[in-house]
Amino acid sequence: MADDKSKTDGRDRSRVSGSEPYEVEYFAQKHGLGAQQARDLIAEVGNDREKLDAAAGKVKGQRGSA
């Protein structure tokens, strides 16, 4: 978090930190995944939030059709 609250921007929101448990949990809950599935996606896709959201949608779709 920025020390100077008046100097913030949205750069941090475009990434998901796989090393921060609260971010992994939020991402997993948002997409109906387990924490390990979320970590696996972050390791596979990277930490770009848009790409992760798309990949999570595909994973969730595969689970629903099986």
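- Here the side chain of Arg15 pairs no donor or acceptor atom with the backbone of Asn47 at under 3.5 angstrom.
- Residue Gln36 qualifies as enclosed at atom CD: its count of foreign heavy atoms under 6.0 Å is above 12.
- In this structure, the side chains of Val16 and Tyr26 stay at 4.5 Å or more apart for every pair of heavy atoms.
- Closest approach of Asp53 to Phe27, counting heavy atoms only: OD1-CE1, 3.5 Å.
- Separation of atoms NE2 (His31) and CG (Leu41) is listed at 9.0 Å; rounding is to 0.5 Å.
- In this structure, the separation between CD on Glu25 and CG on Leu33 is 11.0 Å, given to the nearest 0.5 Å.
- Pairing each heavy atom of Val24 with each of Gly18, the nearest pair is CG2-O, 3.6 Å.
- Going from atom NZ of Lys51 over to atom OG of Ser14 covers 11.0 Å, rounded to the nearest 0.5 Å.
- The main-chain N or O of Gly34 is found under 3.5 Å from a side-chain atom of Gln37 such that the two form a donor-acceptor pair.
- Between Glu44 and Asp40 there is no side-chain heavy-atom pair separated by less than 4.5 Å.
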